[in-house]
Structure formats: C-alpha cells, structure tokens
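Written out below as structure tokens is the structure these notes cover.
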Amino acid sequence: MKSLGTQGLILNEKLLFEHSDAGRKGYSLPRLDVPPARLPAALVREEVSGFPELSEVDVVRHFTRLSTWNYGVDSGFYPLGSCTMKYNPKVNEVAARTPGMAAAHPSTPDHLSQGALALMHDLQEALAEISGFPAVTLQPAAGAHGELAGMLMIRAWHEAQGNSRKKVLIPDTAHGTNPATAALCGYEVVPIASDGVLSAAAVAAAMGGEVAALMITNPNTLGLFEAQIREICQIIHDGGGLVYCDGANLNALMGIARPGDMGIDVMHFNLHKTFSTPHGGGGPGSGPVGVTAVLAPFLPVPVVVEEQGTYRLEVDRPLSIGRMKAFGGHFGIMVRAWAYIRSMGGEGLKRASEMAVLNANYIRARLEGTYHLPYTARSLHEVVFSDRDLGGNCHTLDLAKRLIDYGYHPPTIYFPLVVKGAIMIEPTETESKEVIDEFCDAMLSIAAEAGENPDLLHQAPKKTRVGRMDETGAARKPRLKWEK
Amino acid sequence: MRYIPHTAEDVRQMLETVGVTSVDDLFAEIPSSLRLRRSLALGEPLAESELLKKIRRLAAQNATADTHASFLGGGAYNHFIPAVIDQLISRSEFYTAYTPYQPEISQGTLQAIYEYQTLICQLTGMDAANASMYDGASGCAEAVLMAVRATGRRRILLSSALHPEYLATVRTYCRYLDLDLIEVPCDAGGGTDGAALLRLLDDRTAALVSGYPNFFGVIEDLSAQAAAVHAVGGRLVTVVQEPIALGLLKSPGELGADIVVGEGQSFGIPLSYGGPYLGFFAVRQGDIRSMPGRLVGQTCDREGRRGFVLTLATREQHIRREKATSNICSNQGLCALMATIYLALLGKAGIREVAGHNLAKAEYAKGKIAALPGFSLPLSGTTFNEFVVEADEGAAVVLERLEKEGILGGIPLQRYFAGMDKRFLVCVTEQNSREEIDALVSALAGGKQ
Ligand SMILES: Cc1ncc(COP(=O)(O)O)c(C=O)c1O
C-alpha cells in the first residue's frame, strides 16, 4: 500500500484558551501621541471576559500546529466533485497582496481608484467572453449569493412585466443551494425528475403559466451535459419563463461552449472553483453573475462602467434589484481570478477544460467495472459512481475514510441525492496522469479490501490525528464554544 | 501552460485507455450547434513576470493609506494588521483546503472555527456564533430573516442610522418576502429616535435593527431599545459595523440584544477595496437551531479523543433544501481565521488598548475640528472612532481641497442622504498619527484664509 504523507509526526495542540496565561501579550502599539480619552462610565465594560492572553510565539506555534491537521490542495489530490479543487497558483496570492490593491479603501473616490476599477472592468469583460453573456456583475460574494442575485433579477423582470408567477422548476440533480435560493425569492419549488439528463419532454410537461423559471446546472451534478438544453430553453421561453443556469461546473466548458449561446438567461460563476482562487477552508468565494441584455437593467448595484478610458461605479440604475452586500464585492478574489485568466489566455482556458474532462474520463475508464456506474452517458469533468458493488457490507462513507489512510482527500460523497451511495469524483486539469494512476490504484485496492478484509474500511481512518467523530452526539448536545 | 502537467504522450495513453481517438471526441455529447467555433478572445497567456508588472501598474493608480493620509471609515477601517496574520494564513494547509466535510483531515480548520465562535461570543456577550457570513451587510439581512422566522411576525423596524448599504442589502433580501420594512428616524444626537421608536413598535413587530456604534459613529442606547422591543415581544438585532469598539463598550448581549451581527474586517483583514470581509453572527441559546450558516461543535472520536465537526447541518441547504434557514454554503472561513489570529494576538489587554487609542485619536480630532470657524459637529451623541462634520462651504469643496493636499478626508454623506451636502463622515483610527490629524485640521482651516 502506498502511503502519501499521513504517517509520522502528529503534533498535539490545546485550545487557544487553554494556553492563556494572565499578563502575556502578543501585540504592540505605538506610544499614544494624543491625550487619552474616556467614554461615559455607564457605557464601558469591565473587560472582555474569557479573552486569551498569549505571546506572539504562542500564537504562531498554535496555528502552525493546527495547520498540520489539515489537508489542502497543496498537500495532495483533492477530487471533491462539484467543488473543482484545482491547484491555486501562487502568483495570484502575490497579485492580491500588492499594496495598491490590498490597502485600497472601498470609499475612495472613483478617480483615485482607476486601477482597481480597470481590473474589475477587465474581469467583467473576460467573464462575458467566456460565458457568452453580454452583462456581468461582480458583486455577489459566493455561488449561492450569485444564485440569489440571479433569481431576484428573474423575479424583478417578471414583476416589471406585471407578471407575478410563483413557481420555479428544479431538476432532482440540483445542488441544495438552488431550491433554498428559489425559496428566498418567495418562489415555490417544483421538482422535476431527470433520469440523469433532463429531457425536453419532462420540462414541457411541467411548464405552465405559473412557472417563472427553470434552474438547471450544466454540466449537471452527475457530470453530464444537458444535451437538450436548447430545446429546454425554448420551451421555457415559449411559456413565458426564464432559465437560470448554476454555473458551478463551468470548468468543463471554457472555450468549448458558452451557456449564453444556449438560450440561458442568467448564470453564476464560482470564481473559487473555475478560476483557481483558493477556498480557505470554507471561503471566501466570489459569485459573479452573467445575464442577457434584457436582464442587464436589473443587475445589482454598483456596476463598473467605462467611458472613454475612465471607469466609475454606477449606482443610479432605476430597475436594479438593489445591493447584495456592502461595497463592490470580493475584490481580493477578483484579483486572483483576473490573474489566472490572464496567465492562461483563451487557449489556456480551453486546454484546462479539455484536460479536466480527459482526467475525469480516464478515471472513469479505470474504475468502471469495479465500481458501479449508475449513469452511463458520456462524462465531462466529473464522474459519479455508487457503492452498490462494494463488498463486505462496506458503504461510501467507509470507502471515503479508507482513502484517507491511503493519503487522499475523499471525493464528494452522498451527492447528488439521486444516486444512492454516490461517490462523485472530480480530478480537475491540474493533476497529472501519474497522480491519477496512483489514486485509481488506491480505489481498486480498496475495492479488493472491501471483499477480503472489510474491517480495514470500517475502522478507517487509522492514520489520522483523530478517528471517526461522534457526529450524532455533537448534534444532540451541541457544544459550540469553549467554557472554562 | 504552467498549471497543466499533461505531456503529449500522457494524453495519447489516456485517450487510448478511454477508448477515443481525440480529445474532441470527449465532448461528443455537446450538440455541434452549441460548440464555440472560434478561440476565446482573451489574448495571449502572460508570463509570471509580465503579469506582476501589469498588476503593479494598475495598483499604482489606486490611492491608499500609503499614498494619502486617510480618514475613510464608514464600514471599512484602516487598522494595523500584525505580520503574523498573513504568515499564518499563507500556510497552504489553511488556504488551499475546502469546507471541512471530512473532519479527520480538517481538524485545523475546525478547531480554529470553534475558537473563532468562542471569541465572537465573548466579545458580543452572546451564547453561540456561526462560522461566519459574507459580510456585515448580508449578515444583517440574514438577521432580519431570522427574526421573522423566530417570531412569526412580519414587521421590521430599521434604524435610519444604520449603514445605508446595509439598509439597501436588507431591502434586496426582503424584496419578495412580503415583509413590512419601516425606517425609524434619527434624533438630534444622531441615534435612533426613542420617541418615534415607541410610536412604531407594536405586537406585529418582529425586530428593531439598530447600530452599535451606528453609521454616524454614534453609540446607541441599546438597553432602552431592548426594553422597548421586548415589551412588545420582538427581538433586538444589533449591528456592529466597527467591532473594535467592543473592546471598550458594554457587550450588546449584556445590554439585551437578541441577535448580534457585524463586520469583522477590522480584525486583521485587509481593506482590499471592499472585500472579502467577514460577517459575524451571534445569538442566544434558544435560537441556535434557527440561525443561518455553518456551526462547528466539539465532540470526540471512538477512542474518546477530543475533536470538532460541522454540526446541526439539518438547518442547512444541503439537507432540507427549500426549508433551509438560508442558502449560504461557502462562507468566509479564511477571514474568520484571520480574525481569530488577530484577536488571539491582541488578547484581553490589547483589544482594550487598541479601542482606547481609536477613541483618543478621534476625540483629539473632534476637538480640533469643532474649534475651526466654518466647521461644526452637528450630532451631539457620544461617538467612538468616527463622527460627522459639517462644513459651511459644502462637503464636496472641502474634500476636494483636502485631496489636493494628499488627504482622503472622509465620506461625503450626500452620497447616501439627499440634502446632506454639507456633511461628511470622518474616521480616525490608531493608524492616524497626531501629525496626520494636525495636517487634516490645518488643511480644513486652509480654505478659510
Ligand atoms: C453545483 C453547485 N451550485 C452552487 C454551489 C454554491 O456555491 P457557493 O458554495 O460558492 O455558495 C456549489 C458549491 O458548493 C455547487 O457545487
């Protein structure tokens, strides 16, 4: 068995608060060069009770040690389906930290922010070119936030026509954020069964005068291209609705096909997926939205506009849905995505999609026959297996935990919900054949173990700092903060 | 193509295993009428050196606190960022990880979030905090939605002294939810008008949302507001846009707030032209299951070793879908880590000292400006580190004059409030030296001579 980096020195570390010792400090302030001031005593608290007291070295060692308990893309292969965990180029980090970018205050007058605005405008144009949508907003803070902006625009458009439709069609393969978003816009969600890919007939049967929109993911969360997308859009449009595309899987299509050319009306981008910005263990992300010209007046404010080489933030747009958050959006993430797009160029982005799809299909070819493939249509950038053929009463969770012992981050598990025991593998383009071969070897060897020695899977992981956690206990009696 | 490792030989072998003859064959499912028949017009790839040159050239066109003396606040604050923070968050085990779905290999992220949740509870005086929202404004909107869920009521009172962009965000989130959003006017002090509040409160009220300090830098009377809102069975939502103030101020929890949200950018996160920032969100014990966002809880493994997991996920979008408490999925994990490191470095004494410096510098500037002919401080309320200035000659003229002297003097309030063309919002932090403040004052006076 190959073991990639999970054995060896495991550091122990207490909680921040358990290190604390009265009188230590880890900061310095300049001498106060103005007279001290006081607030009225009634407003003032005694102290921030419970706050730790630590020296700088305590803090550095604490977080350095914690970091060793984490697995990141730089640690190794991270085939988390739908999350597109590709390598995060280091130059992007340098670009985002350039002082003129990192230290710019969002309320600086436009004429003193021309560099930032030019970059945002350039990114807007690049995303428009990649997706085929004429107008793009950069404001939303993440994919789900972009969905909200997009669905609000759809609703605003309907209302502007004097039309208050109440239903949104969502295929059963949809990401969980899609129905939650539709509900936030006051819509009733109508699920449609999809049989892997959505058929135009199923959409036609569900379409009606109450339907405001269809939310579809393309390529979908099974990694399949929605081949009838053009017909589907036509049916929705003919019925007076609009089509939202969850663009989280755009990594399969760059330079190959453009959602804007397929009849889709609105789509969000996940900059932290497709455009290589790091996810930071939970975020930040960034979720720009592209729309057709018809929907452009409804974009959230502010919008970056250019006039004769000068850029400004436009806020006065009467049909706008308003603001999604304070200020212009996750600018630091935009800088990283911009750097990535400029590093790759048009041909590079196309190559990225091609290699991402090749990698996924290569994994599929190597594992098919050992692992059960519930949908056999051609895969794009991710492939979904199930645990049906795993022996020894082993399930997807056991496989995932055993992969950790082999040194890999597990794939996405139990999603999409339409596949029982789903195992969703997305390698991305930044992994070499060598890495993928080793991963496939591990997958095959675990399948063999499941039949011969299933305890290896049930007991896994064995080589991590902690073993399987009592998640039920955590939810039953929540302990959400430290107390002495 | 420096980020793609495939050689021509790799591609050949892989295609052979897949059983197709060309890469193009892999895309056969995409109807040819939908295929892009040209190259993307995005130009040639840039070498790393070219890219950096370009970004530096763009960066040079932006004014910052390095190129100007800056007194800009209004929801984004220029505080000192200790070197430790960037060094630690640059450890790729932190920044190149995804959401911690697999706890056995994500304990670093999970424990740090648990520590973050604890620090936010200590600072706000609340019982539970989530693992972060997108920013203060969207967190404020989520707090409004939560108050509606928790009370089953539909009337929301919003202080008009809230950050105007927060108010606008709340309006966007509530656009189609059939809620009654009502603004409560300000009094002469610059706080929420108590008498108007009493008139507007009734038993349909889900919540009052007010700032602490508010957009004008004024410290609101939270305990009076809490008493008034609780008397009708509603919730007090407190929005902290400058949380450094909590180093000195009584905690909102102590004063009766039910939901405390705010912007955490002040805690070691770069200004970065508006984002990414950090929305914090804290509630009382009884509301844990109706709060939005991710939570980390303590538990143990089969051997009894302490560990941490994402918990109470039944509130989240991936389980109950359209019944979810919100659609948030990605949050601000790395920004929450930055805030955790910042607060750990400052600790009990530091947070108080930094707050004290902010207050002292702002009070010094206030005193000097109030003494200038042609300038006044129109609001009488107690402030923390920012305050409103009124200039007889008009804010735009004054700010333009300051700009010529290399000073970003404040935010013109006309941007948000019609009729406030003489007022601007000035922010002074521990980063502004006395010399810089004196230069601001003499530049303001300069126009008079
Ligand atoms: C298909 C799909 N849609 C939407 C989202 C939501 O994106 P975010 O997590 O950035 O809000 C994700 C990511 O989790 C996704 O994979």
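A, B, ... follow the sequence lines: proteins, then strands. Residue 1 opens every chain.
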Taking the side chain as every heavy atom from C-beta outward, state whether A/Val94 and B/Ile55 have any atom pair closer than 4.5 Å. no

Could you tell me which portion of B/Ser70 (side chain, backbone, both or neither) has an atom closer than 4.5 angstrom to a non-hydrogen atom of chain A? neither

Indicate the ring-plane relationship of A/Tyr71 and A/His409, choosing parallel, tilted or perpendicular according to the 30° and 60° boundaries. tilted

Side chain to side chain, B/Thr64 and B/Leu271, heavy atoms closer than 4.5 Å: no

With chain A as the partner, which of B/Gln87, B/Gln13, B/Glu430 has the greatest number of non-hydrogen pairs under 4.5 Å? B/Gln13

If one checks every heavy atom of A/Ala400 against chain B at 4.5 Å, the contacting part turns out to be side chain

For A/Arg479, does the CZ atom have more than 12 heavy-atom neighbours from other residues, nucleotides or ligands under 6.0 Å away? no

Check salt bridge (Lys or Arg N to Asp or Glu O under 4.0 Å) between A/Arg38 and all other residues, then give those that pass, not counting sequence neighbours. none

Honestly, the part of A/Pro478 sitting under 4.5 Å from a heavy atom of chain B is side chain

Tell me, out of B/Ala168, B/Ala129, B/Ala336, who's got the most heavy-atom pairs with chain A below 4.5 Å. B/Ala168

Quick check on the interface: out of A/Ala141, A/Pro52, A/Pro109, A/Ala118, who has the most heavy-atom pairs with chain B under 4.5 Å? A/Pro52

Would a 4.5 Å heavy-atom cut-off, applied to side chains only, mark A/His175 and B/Cys329 as touching? yes

Which atoms of A/Thr98 are under 4.5 Å from chain B, going by heavy atoms: the side chain, the backbone, both sets, or neither? side chain

Go through B/Tyr134, B/Tyr98, B/Tyr277, B/Tyr114 and name the one with the most non-hydrogen pairs under 4.5 angstrom from chain A. B/Tyr98

What is the distance from atom CD of B/Glu29 to atom CG of A/Leu224, rounded to the nearest 0.5 Å? 8.0 Å

With a 4.5 angstrom heavy-atom cut-off, which part of A/Pro300 approaches chain B: side chain, backbone, both or neither? neither

Among the options B/Arg305, B/Gln117, B/Arg302, B/His6, pick out the one with the most heavy-atom pairs lying under 4.5 Å from chain A. B/His6

Polar contact flag, side-chain donor to acceptor under 3.5 angstrom, A/Asn70-A/Ser67: no

A/Tyr87 versus chain B, the contacting section by heavy-atom distance below 4.5 Å: side chain

Checking heavy atoms, do the side chain of B/Arg57, its backbone, both or neither come under 4.5 Å from chain A? neither

Quick check on A/Glu93 against chain B: is it the side chain, the backbone, both or neither that has a heavy atom closer than 4.5 Å? side chain

Examine whether an atom of A/Tyr78 lies under 4.5 Å from a heavy atom of chain B, and if so say whether it belongs to the side chain, the backbone or both; otherwise answer neither. side chain

Between A/Ala182 and chain B, with a heavy-atom cut-off of 4.5 Å, which part of the residue counts as in contact: side chain, backbone, both or neither? neither

Does any heavy atom of chain B fall under 4.5 Å from the side chain of A/Lys86, the backbone, both, or neither of them? neither

Per-residue contact mode, B/Tyr364 against chain A (heavy atom under 4.5 angstrom): side chain

Would you please name every residue forming a side-chain contact (heavy atoms from CB on, under 4.5 Å) with B/Gln61, sequence neighbours left out? A/Gln114, B/Leu58

Which atoms of B/Tyr3 are under 4.5 Å from chain A, going by heavy atoms: the side chain, the backbone, both sets, or neither? both

Below 4.5 Å from any heavy atom of chain A, which atoms of B/Leu34 appear? Answer side chain, backbone, both or neither. both

Please flag which part of B/Cys300 lies under 4.5 Å from any non-hydrogen atom of chain A: side chain, backbone, both or neither. backbone

Quick one: what part of A/Ile256 sits under 4.5 Å from any heavy atom of chain B, side chain, backbone, both or neither? both

Would you say the side chain of A/Arg468 lies within less than 4.5 Å of the side chain of B/Asp301, judging by non-hydrogen atoms? no

Okay, B/Leu52 and chain A: the region with an atom under 4.5 Å from a heavy atom over there is side chain

Which atoms of B/Asp66 approach chain A - backbone, side chain, both or neither, heavy atom under 4.5 Å: side chain

Option in B/Arg56, B/Arg2, B/Glu363, B/His357 with maximal non-hydrogen atom pairs under 4.5 Å from chain A: B/His357

With chain A, the option among B/Ala360, B/Ala59, B/Pro276, B/Ser39 that has the most non-hydrogen atom pairs under 4.5 Å is B/Pro276

If one checks every heavy atom of B/Ile30 against chain A at 4.5 Å, the contacting part turns out to be both

Below 30° counts as parallel, above 60° as perpendicular, anything between as tilted: where do the rings of A/Phe17 and A/Trp482 land? parallel

Go through the steps for A/Thr181 and A/Glu147 under the test side-chain hydrogen bond (donor to acceptor under 3.5 Å, both in side chains), then give the verdict. CA-CA 7 Å; A/Thr181 298; A/Glu147 286 171 33; 2.9 Å; yes

So, the part of A/Met101 with a heavy atom under 4.5 Å from chain B: the answer is both

Donor-acceptor pair, distance only, cut-off 3.5 Å: does the side chain of A/Arg378 make one with the backbone of B/Leu26? no

Go through the atoms of B/Ser132 and report whether side chain, backbone, both or neither lie under 4.5 Å from a heavy atom of chain A. neither

What is the distance from atom OG1 of B/Thr99 to atom NE2 of A/His279, rounded to the nearest 0.5 Å? 3.0 Å

Mark yes or no for whether A/Asn88, through its side chain, and B/Thr96, through its backbone, hold a donor-acceptor pair below 3.5 Å. no

Residue B/Ala28 versus chain A: region with a heavy atom under 4.5 Å: both

Which atoms of A/Lys325 come close to chain B, meaning under 4.5 Å heavy atom to heavy atom: side chain ones, backbone ones, both, or neither? both

So for B/Leu88, is it side chain, backbone, both, or neither that comes closer than 4.5 Å to the heavy atoms of chain A? side chain

Could you grab the distance from atom CD1 of A/Ile341 to atom CG of B/Leu51, nearest 0.5 Å is fine? 11.5 Å

Can you tell which part of B/Pro100 gets under 4.5 Å to a heavy atom of chain A, answering side chain, backbone, both or neither? both

Less than 4.0 Å between a side-chain N and a carboxylate O, is that true for B/Arg352 and A/Glu47? no

For the residue pair A/Thr68 and B/Glu93, confirm or rule out a side-chain donor-acceptor distance under 3.5 Å. no

Interchain contact, A/Pro36 with chain B, by part (heavy-atom threshold 4.5 Å): backbone

Less than 4.5 Å apart, side chain to side chain, heavy atoms only: is that true for B/Glu115 and A/Leu66? yes

Segment of A/Ile321 engaging chain B (4.5 angstrom heavy-atom cut-off): both

Toward chain A, the part of B/Leu408 with a non-hydrogen atom under 4.5 Å: side chain

